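Written below as structure tokens is the structure these notes are about.
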Number of protein chains: 2
Amino acid sequence: VIRVEDLYKTYRMGDIEVPALRGINLKIDRGEFVAVMGSSGSGKSTFMNIVGCLDRPSRGKYFLEGEEVGSLSRDQWAHIRNKRIGFVFQGFNLLSRTTALENVELPMMYNGFAGKQRHNRAVEVLSLVGLGERLDHAPNQLSGGQQQRVAIARALVNGPSLVLADEPTGNLDSATSADIMTLFQRLNSAQGITMVVVTHESDIANYAQRRVMFRDGVIVSDERKDAS
Amino acid sequence: VIRVEDLYKTYRMGDIEVPALRGINLKIDRGEFVAVMGSSGSGKSTFMNIVGCLDRPSRGKYFLEGEEVGSLSRDQWAHIRNKRIGFVFQGFNLLSRTTALENVELPMMYNGFAGKQRHNRAVEVLSLVGLGERLDHAPNQLSGGQQQRVAIARALVNGPSLVLADEPTGNLDSATSADIMTLFQRLNSAQGITMVVVTHESDIANYAQRRVMFRDGVIVSDERKDAS
Ligand SMILES: Nc1ncnc2c1ncn2[C@@H]1O[C@H](COP(=O)(O)OP(=O)(O)OP(=O)(O)O)[C@@H](O)[C@H]1O
Ligand SMILES: Nc1ncnc2c1ncn2[C@@H]1O[C@H](COP(=O)(O)OP(=O)(O)OP(=O)(O)O)[C@@H](O)[C@H]1O
Ligand SMILES: [Mg+2]
Ligand SMILES: [Mg+2]
């Protein structure tokens, strides 16, 4: 479902160049559960932004479900992002002037859902991540881990076929992290949703069947768990 | 150096009340290294905000170095925060339109340091956290873990006697986390700086000599490591 070929991303700041990705080759099949790891600054979020149709590569190709995506228009990207991809941002990126409930309803506004349907679906997903009692709080009235869970709920609400989660448990205690990763595992095994999770923690990576390691903009290892 | 007595914090939202802290009693001596743990939403950041003179308790007293702080003016708080406390925010709170270097220089502007002194000190602290090569990047040109390290550098730059770090390694890989915690340990043992670190990870808590557990706004355990 995801295929990147010789992907490069170089940021330019004046006459300084930062080579964030230096030739990434990767193939992820439908229904896989992949953990992406690597040291701070190794290119993981840059990679996720390209896969999530939020940024263009400097060189190389990205095929999403067989279609070359790097050359589509921004409108076409927005459409793909809304319908097919759920993105949990490393920095959450919630709207600060709206409640948790409204933040989660927002992606459904573009899908023609009626108001009551959006409300019920948002309540359902927020309860799944343990926030049923915080629906009317704005982000600055939520703890760090609660904001992270609103971001997770928002990514899941449109029932995407691909979920890209950039460090979804960084602000969560171990019990809540286990709840979230078990939820991801269930969505993956029961509904075949493809999951790509960036994490720094081995315990979290263990929920995946495959571990891809980034270092300095390249992939240095790519290992599958033994089928047990 | 920190003493809180029967501390309460209740947030009010219209006619809803959220009792975030429900009677906290805690004493931390100068030079201690304390880890604060507990599940998402248990009151850790709320506690840190009061100890860091960023928020007032609803009830109870807070003594910083023997002086009752809860009743001081906002100007007096700002002075204490700038001179004596280094705060690493869970959400980083960097200024988005200025570079990493400028973000770290900022706390020194209120201390009468000359421009060159500020520059050199900021460069020194940014190198300590491994960001010597990213001085001119703005926050949105930095990875999540790099932003977190700018926030850490900024908290250390004025040489505070108390460092409050709210999940300082949440976005860092294990090697970089170990570097940061070793730095904290060194500041604590060599310079006697009191460290209070909120963390969700046991590996990180192990750098401290004492572990305080929050649950639902109260402290449920407070354990010291055996002196070894
Ligand atoms: N401004 C606010 N208004 C209303 N409720 C709030 C506000 N800030 C925090 N809360 C609530 O207070 C409780 C404690 O929040 P706090 O941020 O202290 O938790 P925490 O222990 O730091 O959690 P985390 O580990 O997720 O960061 C949470 O249930 C949160 O929803
Ligand atoms: N907009 C930008 N302009 C310039 N450099 C950038 C920009 N965004 C990221 N970088 C640089 O590109 C490199 C890779 O960043 P990226 O965010 O992909 O890292 P990461 O692996 O996600 O790190 P972390 O684990 O800390 O989140 C970093 O060294 C960063 O400084
Ligand atoms: Mg990142
Ligand atoms: Mg918190």
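Just so we're on the same page: letters track the sequence lines, and every chain starts at 1. Source: prediction; values computed, not measured.
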[atom2] on [Y] to [atom1] on [X], rounded to 0.5 Å:
| X | Y | atom1 | atom2 | result |
| --- | --- | --- | --- | --- |
| B:E167 | A:D173 | CD | CG | 9.0 Å |
| B:S40 | A:Q146 | OG | CD | 5.0 Å |
| A:N171 | B:Q90 | CG | CD | 4.5 Å |

Check whether B:S39 gets within reach of chain A through its side chain, its backbone, both or neither, counting any heavy atom under 4.5 Å. both
Would you say A:E124 has more than 12 foreign heavy atoms packed within less than 6.0 Å of its CD? yes
When heavy-atom pairs shorter than 4.5 Å are enumerated against chain B, which of [options] gives the highest number?
| options | result |
| --- | --- |
| A:K44, A:R149, A:Q148 | A:R149 |
| A:S202, A:G145, A:S177, A:S42 | A:G145 |
| A:Q147, A:M37, A:H137 | A:H137 |

Per-residue contact mode, [X] against chain B (heavy atom under 4.5 angstrom):
| X | result |
| --- | --- |
| A:Q141 | side chain |
| A:V18 | side chain |
| A:E201 | side chain |

If you define the side chain from C-beta out and look only at heavy atoms, does anything of A:H200 sit under 4.5 Å from B:T176? no
Heavy-atom pairs under 4.5 Å with chain A - which of B:A175, B:G91, B:G170 has more of them than the others? B:G170
